[in-house]
Amino acid sequence: MIIGYGSTAHCLYLLFLLFCFLGLYFLFRNRPKKEQYAVLLAMMGLNILQHLFKAQLYPHMYGTGFTLENTAYNVCAFLILVQPFFLFSKNEIWKNLVFYVGSVGPLLALLAPTWFLGKTIWQWEFLRFFLCHALLFLTSILPIAWGITRISHRHCWKIGLAFLFMLLIVLINDMACIFIGWYGDAKNLYEELLGLNPLWLMHPPEGFEPIVKIFTALTPSLFLPSASNPYYTPILWYAIPFWLLVTLLGFIVGALSDTENFKRDAKAFASFLKFLGRKIRNGVARVYRKIFCSHD
């Protein structure tokens, strides 16, 4: 079974993921919250276990030891390691971030498995790839589906900032791993980071020129390559357009998911605009009377 867009293998594992989601959702949707939390923690724990002990669990990685790939070396790896803490956190920003990134990121990876195109589904690396992304997707979307976590349009502008902060942590993690000797050569730090390039944080990849043109059009030239500096500034080269994009999408999804609060906020905003309009009109009228209607 060879993996390709629309191939039997491609469709089967996506259908399997859908079946797992629907099965878990309907099986536990009316169960007590304690049971829902237990299911989520069990899946999160399994994902952390397979992430930290890859060299012991997957035959093709036997003997590799603890390396960069056991750390928070990219966005999905970061979320796998911190997800249980965010689940019990009272901070709604991080919970919303887990939903947006933890569901969309793995799903995109599974929809477009560029690393495995033309290869067979029957290999240990694909099993590892599918397992970690499927578990991350399920543990990110089920809390929303079960009502454990609620997303809101009110947090939309904060989600992009939180994501950029997460990218900074990933960058620091990768730098530390290179310095420690878990990956590459510390003498060529920048080149090693360019090669890793998780989620384009170091530079845009090839094949995405239309997106890159939009990003660079909204980015100050200070953070882009120039005659004196041929490199992109890590993270900052797309921070502004990415924040704008995430804020817009977060607002739309939050408004559709939290319609009651959105309607209430929309009415309050409309009332504020009316109040502001009256104030402006009254102010203009007073100025007009003072200038044109006053008598000595």
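Heavy atoms only: backbone and side chains are in, while hydrogens, waters and symmetry mates are out. Note that this is a predicted model, so its numbers are computed, not measured.
- Between the side chains of S152 and E92, no donor-acceptor pair is found at a separation under 3.5 Å.
- Side-chain contact check for F99 versus T149: every heavy-atom pair is 4.5 Å or farther apart.
- Between Y183 and Y73, the distance separating the two ring centers is not shorter than 6.0 angstrom.
- Here the CD1-CZ distance, from I240 to F223, works out to 6.5 Å after rounding to the nearest 0.5 Å.
- Between F130 and H133, the ring center distance fails the sub-6.0 Å criterion.
- When side chains are defined from C-beta on, P113 counts as touching F129, because their heavy atoms get closer than 4.5 Å.
- Using the six-membered ring where Trp is involved, W94 and F86 have ring planes that are parallel, under 30° apart on the 30 and 60° scheme.
- Side-chain contact check for I159 versus T247: every heavy-atom pair is 4.5 Å or farther apart.
- Within 6.0 Å of atom CZ in F19, 12 or fewer heavy atoms from other residues, nucleotides or ligands are found, so the atom counts as exposed in its surroundings.
- Q50 and Y58 form a side-chain donor-acceptor contact under 3.5 Å, judged by distance and modelled atom types alone.
- In this structure, N47 and Q83 have side chains that are not in contact, with every pair of non-hydrogen atoms separated by 4.5 Å or more.
- Counting only heavy atoms from C-beta outward, the side chains of F126 and T120 never approach each other to under 4.5 Å.
- No side-chain heavy atom of F78 sits under 4.5 Å from any side-chain heavy atom of N173.
- Hydrophobic clustering of Ile, Leu, Val, Met, Phe, Trp and Tyr side chains at less than 4.5 Å, counting indirect connections, unites V101 with I48.
- Atom CG in L97 sits 6.5 Å away from atom CG in L79 (nearest 0.5 Å).
- Between the CG atom of L117 and the CH2 atom of W115 there is a distance of 10.0 Å, given to the nearest 0.5 Å.
- Taken to the nearest 0.5 Å, the CG atom of L201 stands 5.5 Å off from the OH atom of Y238.
- Atom CZ in F137 sits 6.5 Å away from atom CZ in F21 (nearest 0.5 Å).
- Using a 4.5 Å cut-off on side-chain heavy atoms (C-beta onward), R31 and V39 make no contact.
- For W157, the CH2 atom is loosely surrounded, since the number of other residues' heavy atoms within 6.0 Å does not exceed 12.
- For Y231 and Y190, the gap between ring centers is short of 6.0 Å.
- Within 6.0 Å of CZ in F66 there are more than 12 heavy atoms belonging to other residues, nucleotides or ligands.
- Inter-residue side-chain proximity for C20 and Y25 is flagged as unmet; no heavy-atom pair is nearer than 4.5 Å.
- If you take CZ on R150 and CD1 on I148, they are separated by 13.0 Å, rounding to the nearest 0.5 Å.
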